[in-house]
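The structure is given below, and queries will be raised subsequently.
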Amino acid sequence: MSHADHHRRSLQDPETFWADAARALDWITPWRKVLGADAAGMPLWFEGAAANTCWNALDRHVAAGRGLQTALIFDSPVTGTKRRYTYSELTDLVARVAGMLTAFGVGKGDRVLIYMPVIPEAVAAMLACARIGAVHSVVFGGFAAHELASRIQDAGPKVLLTASCGIEPARIVPYKPAVDQALERAPSIVEACVVFQRPQAVAALTPGRDHDWNDAMAAAQPVPCVAVDANDPLYILYTSGTTGAPKGIVRPSGGHMVALLWAMQHIYNASPGEVFWACSDIGWAVGHSFAVYGPLLNGNATVFYEGKPVGTPDAGAFWRVIAEYDVRTFFVAPTAVRAIKREDPDGALMKPHDLSRLKAFFVAGERCDPPTAAWLAEKFPCPIVDHWWQTESGWPMAANPLGIERFPTKHGTVTKPVPGWDIRAVDAEGRDVAAGETGAIVARLPLPPGAATTLWNAPARYRAAYLDRYPGFYNTGDAGFIDADGYLSVMTRTDDVINVAGHRLSTGAIEEVVAAHPDIAECAVVGLDDELKGQVPLGLLVLKAGATNQNVIAEVVQRVREIMGAVVAFKTAVVVVRLPKTRSGKVLRGTIAKIANGAAYMAPATIEDAAALDEIAAALRQARIGRA
Ligand code: COA
Ligand code: AMP
């Protein structure tokens, strides 16, 4: 069947399409209805069904006689560790972590916060939650105490699982101080904190609250999988919205399994038994979907790599891992490829490694600029697939579906909408724009299985953020165009979200932290184009009358790093006299970004005083920032 046939069938008869896909998994209770709806009209895929994601990802393969097959490969150049887990070994580990959580009183529906680096215990922690029907919420280790505290406050976890430290190439990052600070700010939520001690930085434990992971595990008994309703949450994953408060994306457990298994087969073309490597931290959607759940549901071996594309030890690290473990499918953010290309433009560090068995090289997380895509295409004979998705969707919305049909590549595009997704580019009134014309990218409702249909504690915010703008459609927050061949190009965000090294950040959240500095009257943060990271945040600071602090820029930079985390990469700011605003007082962030990035701009008709734009351009030129 062609991609067009799959796509048509998925939209015309979604219930048959997804029921067929769901039969590949084990269900404890069959569904009453493939597609139902809740009281608010939101879709309930596989209504009435119950299953267990951990069973389907692990125990099912062991029961089928594949227990000795590799499930997880851990490769950590920063600690000099290499370790493999078979499906049987990982199942045993997960069953005991689940027993440990049960002993701490965690049960179905309870939240567990996971703040850990990319180590096997973190994968085990996620799957252990799935095993007992608890809801995990993983927080990226690059976030500091403030971000951790806001997620604890919102998710209300009973137990927090952490490690004593993460390891960056140049430094050890102790996690416990951030945990302690966050727990002070959000007291009496977390009942127990379990710390996996790493020898690089052993953490002090607070008696009564903190527990040593190994001690707790030694006392733990393995527990079996429980039945989880298909529409109960598997996890909450916080992502940036337009305000400082992160959005808790809720993943429905049943549809998620179905969509991921379907994607592993039809988009990634991964066969069970192969090694599949999505190089992402578990703190991101890619880490959840394609480092943990997708490959395990499909019976692949997944790679967990604790290192960087460059510097651990060099720009050949990825190629070494691909060759060493016979990786057949690789997936990484374009920013990592740019980092490698910058250090090894001719690919000399590829030469010592046999990369000929790689079947496909996928990129996503940010727009892949055509020169980077072309560089990859020149270096690799396999398909290079830029594909597009977001935390909310949980799996690709547009891709070259290698398991169905391979389309010719057009660099700069994400090929075609995936079955299940009716993707349109629309104008301000929600009408389809002509081929090649830029519009807001939306998806017609109902969204397919796996997509988030609510936000934790905030269903109204979900509607306001995604559904209200274009009735009948989900608003992705991206803008782009579909060409005459049906290829989609995703060009930019339509909101105040920026993408820094594949990490999605809210400029509003950074502004909140900057504005709290005692000398700042107001500020704006916009995305500045960056050759390596795609974008970096640029701050425009207006000082309070009479403020003479010469160190204000260094102080706000340090403040953002300490409060939000180093990963925000906020290093560039300039002091300005005022911010350009509309007459109603709205800061013209879009126009500021255009000025900073040297793009053509027009002063909007609603501007309060157009001279403010010239002042910004002059200040940026003087500070030699951007291309004003
Ligand atoms: N814990 C603690 N600190 C972390 C961290 C973590 N898990 N991850 C990153 N940081 C820190 C880094 O040490 C760095 O600190 P510094 O300012 O002291 O140098 C800062 O956060 C920024 O990190 P990073 O974004 O990794 O930038 P970099 O300049 O160190 O490296 C790249 C650049 C391109 C190599 C890197 O960004 C990269 O590998 N990106 C891939 C991103 C990715 O996989 N995204 C997945 C989403 S699809
Ligand atoms: P996240 O939710 O962190 O995965 O970020 C999702 C956002 O990253 C999307 O809404 C896009 O703005 C951007 N993005 C992800 N993949 C691509 C891609 N292949 N091309 C262009 N933008 C992308």
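Hydrogens, waters and symmetry mates play no part in the numbers below; they use all other heavy atoms, side chains included. Indexing begins at 1, ligand by ligand and atom by atom, following the structure's order. By convention here, the first residue in the shown sequence is residue 1. The structure displayed is predicted, hence computed values, not measured ones.
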Worksheet item: Under 4.0 Å from any heavy atom of Gly142, which atoms of ligand 1 are there?
Response: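 This gives 1 (N), 2 (C), 3 (N), 4 (C), 5 (C), 6 (C), 7 (N) as the contact atoms.
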
Worksheet item: For ligand 2, what is the set of protein residues having any non-hydrogen atom at a distance below 4.0 Å?
Response: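 For ligand 2, the contacting residues are Gly365, Glu366, Arg367, Asp386, His387, Trp388, Trp389, Gln390, Thr391, Val414, Asp478, Val490, Arg493, Asn499, Arg504.
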
Response to the item:
the protein heavy atom lying closest to atom 37 (O) of ligand 1 turns out to be Ala501 CB, 3.4 Å

Worksheet, complete the sentence: for atom 41 (C) of ligand 1, nearest protein heavy atom and its distance come out as Thr335 CG2, 3.7 Å

Worksheet item: Quick one: does atom 9 (C) of ligand 1 have a protein heavy atom under 4.0 Å from it?
Response: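 When distances to the protein are checked, atom 9 (C) of ligand 1 has a heavy atom within 4.0 Å.
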
Practice prompt. Could you say whether the N/O atoms of Ser280 and ligand 1 ever approach to under 3.5 Å?
Written response: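 In this structure, Ser280 places no N or O atom under 3.5 Å from an N or O of ligand 1.
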
Worksheet entry | Salt-bridge contact Glu306-Arg198 (side-chain N to carboxylate O under 4.0 Å) |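 Looking at Glu306 and Arg198, the cut-off is met.
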
Practice prompt. Find all atoms of ligand 1 within a distance of less than 4.0 Å from any non-hydrogen atom belonging to Gly141, and give their numbers and elements.
Written response: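 That gives atoms 1 (N), 2 (C), 6 (C), 7 (N) of ligand 1.
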
Worksheet item: Hey, mind stepping through Phe380 and Trp319 against ring-ring contact (aromatic ring centres under 6.0 Å, His included) and telling me if it holds?
Response: CA-CA 11 Å; Phe380 287 90; Trp319 320 136; 5.3 Å; yes

Worksheet entry | Parallel, tilted or perpendicular: ring planes of Phe318 versus Phe330, cut at 30 and 60 degrees | perpendicular

Discussion item. Give me the nearest non-hydrogen protein atom to atom 43 (C) of ligand 1 as residue plus atom name, then the distance to 0.1 Å.
Written reply: Ala333 CB, 3.9 Å

Worksheet item: Side chain of Glu392, backbone of Ala452: donor and acceptor closer than 3.5 Å?
Response: no

Discussion item. Using 30° and 60° as the class boundaries, would you call the ring planes of Trp389 and Phe290 parallel, tilted or perpendicular?
Written reply: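 Answer is perpendicular, since the angle exceeds 60°.
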
Worksheet item: Between Glu366 and ligand 1, which residue portion shows a heavy-atom distance shorter than 4.0 Å: side chain, backbone, both, or neither?
Response: neither

Worksheet item: Where's the contact between His503 and ligand 1, heavy-atom distance under 4.0 Å: side chain, backbone, both or neither?
Response: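 Only the side chain of His503 comes within reach of ligand 1.
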
Discussion item. If only side-chain N and O atoms count, and only distance matters, is there a donor-acceptor pair under 3.5 Å linking Tyr238 with Ser150?
Written reply: no

Discussion item. Can you tell whether the side chains of Lys416 and Asp485 come within less than 4.0 Å, N to carboxylate O?
Written reply: no

Practice prompt. Check each of Ala336, Gly307, Gly502, Cys279 against atom 44 (O) of ligand 1 and report the one with the nearest heavy atom.
Written response: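 That would be Cys279.
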
Worksheet item: Is Arg151 close enough and on-axis enough to Phe143, meaning under 6.0 Å and within 45°, for cation-pi?
Response: yes

Worksheet entry | Contacting atoms of ligand 1, where contact means under 4.0 angstrom from a heavy atom of Val286 | 48 (S)

Practice prompt. Please say whether Lys571 places an N or O atom under 3.5 Å from an N or O atom belonging to ligand 1.
Written response: yes

Fill in: Atoms of ligand 1, numbered as shown, that sit under 4.0 Å from any heavy atom of Val567
20 (C), 21 (O), 22 (C)

Discussion item. Between Glu366 and Lys533, is the salt bridge (Lys or Arg N to Asp or Glu O under 4.0 Å) condition met? List the steps.
Written reply: CA-CA 10 Å; Glu366 57 173 327; Lys533 297 193 178 194; over 6 Å; no

Practice prompt. Establish, for the pair Lys82 and Phe74, whether the NZ or CZ atom is under 6.0 angstrom from the six-membered ring centre and no further than 45 degrees off its axis.
Written response: no

Worksheet entry | Per-atom contacts, ligand 1 versus Ala566 - under 4.0 Å to a heavy atom | 11 (C), 15 (O), 20 (C), 21 (O), 22 (C)

Fill in: Atom indices of ligand 1, in the order listed, that fall short of 4.0 Å to a heavy atom of Lys308
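Selected atoms, number and element: 8 (N), 9 (C), 26 (O).
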
Discussion item. Please confirm whether the ring centroid of Tyr305 lies under 6.0 Å from the ring centroid of Trp277.
Written reply: yes

Worksheet item: Under 6.0 Å between ring centres, would you say that holds for His288 and His136?
Response: yes

Fill in: Side chains of Tyr293 and Leu234 in contact at under 4.5 Å (non-hydrogen atoms)
yes

Practice prompt. Please indicate, with yes or no, if any protein heavy atom is found under 4.0 Å from atom 4 (C) of ligand 1?
Written response: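 Yes; the ligand atom in question has protein heavy-atom contact below 4.0 Å.
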
Discussion item. So, regarding Arg561 and ligand 1 (criterion: nitrogen or oxygen to nitrogen or oxygen, under 3.5 Å), is there a contact or not?
Written reply: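 Between Arg561 and ligand 1, an N or O pair is found under 3.5 Å apart.
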
Item to complete: Around atom 24 (P) of ligand 1, find the nearest protein heavy atom and jot down its residue, atom name and distance.
Response: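 For atom 24 (P) of ligand 1, the nearest protein heavy atom comes out as Lys533 NZ, 3.9 Å.
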
Worksheet item: Do you see a donor-acceptor pair shorter than 3.5 Å between the side chains of Lys176 and Tyr115?
Response: no

Worksheet item: salt bridge (Lys or Arg N to Asp or Glu O under 4.0 Å) with Asp478: which of Arg493, Arg367, Arg504?
Response: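 Of the listed options, the one satisfying the test is Arg493.
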
Practice prompt. Any atoms of ligand 1 less than 4.0 Å from a non-hydrogen atom of Pro309? List them with their elements.
Written response: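 Ligand 1 atoms under the 4.0 Å threshold to Pro309: 35 (C), 39 (O).
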
Worksheet item: What is the ring orientation for His7 with His3, classed by angle as parallel under 30°, tilted 30 to 60°, or perpendicular over 60°?
Response: parallel

Discussion item. Looking at atom 13 (O) of ligand 1, tell me if a protein heavy atom falls under 4.0 Å from it.
Written reply: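 Protein heavy atom within 4.0 Å of atom 13 (O) of ligand 1: present.
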
